[in-house]
Amino acid sequence: MANIGKHIKKFRLQKNMTQGELAEKIFVSRQTISNYENNKSQPGIEVLVKIAEIFEYMYFEIAILLFLIMGAILGITKKKKIQE
């Protein structure tokens, strides 16, 4: 699974932002940010776009994040099909 959480944490720390500050800006809880960063859950596309806007990333970087999340989704789907 793609390590999206690692990238979110890196972007957040580059902006000297706490998990709580990021959470407030994208209207989620601090625990949700923690879950993203620890890969316990994956952000949706809307959240990724909000994060990219906050960190002032260009569309290319947004596309990379979307590619990572789609890879994670496809990986999960393949695993489920194999287990069935």
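Values below: every heavy atom of this structure, side chains too, minus hydrogens, waters and symmetry copies.
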List, one per line, each side-chain donor-acceptor pair under 3.5 Å for residues 20-28, sequence neighbours excluded.
residue : atom : partner : partner atom : Å
E21     : OE1  : T18     : N            : 2.8

Listed partners of Q31 passing side chain to side chain donor-acceptor pair (under 3.5 Å), at least two apart:
N35

Please identify each residue that fulfils side chain to side chain donor-acceptor pair (under 3.5 Å) with S29, with sequence neighbours left out.
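Scan of S29 (side chain to side chain donor-acceptor pair (under 3.5 Å), adjacent residues dropped) gives T32.
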
Using every non-hydrogen atom in the two residues, find where F55 and K15 come nearest and quote the distance to one decimal.
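It is CD2-CG, 3.6 Å.
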
Looking only at heavy atoms, what is the nearest atom pair of P43 and L48, with distance?
CG-CD2, 3.6 Å

Should the heavy atoms of other residues, nucleotides or ligands under 6.0 Å from NZ of K50 be counted, would the total exceed 12?
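Enclosed.
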
When rounded to the nearest 0.5 Å, the distance separating CD1 of I8 from CD1 of I33 is 7.0 Å

With rounding to the nearest 0.5 Å, note down the distance linking CZ in F11 to CD1 in I54.
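Reported to 0.5 Å precision, the distance equals 12.5 Å.
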
When you look at K10 and Q14, which way does the side chain to side chain contact (heavy atoms under 4.5 Å, CB included) test go after all the steps?
CA-CA 6 Å; K10 179 181 80 171; Q14 286 174 349; 3.7 Å; yes

Tell me if a side-chain donor or acceptor on R12 pairs with a main-chain N or O of M17 at a distance below 3.5 Å.
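Such a contact is found between R12 side chain and M17 backbone.
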
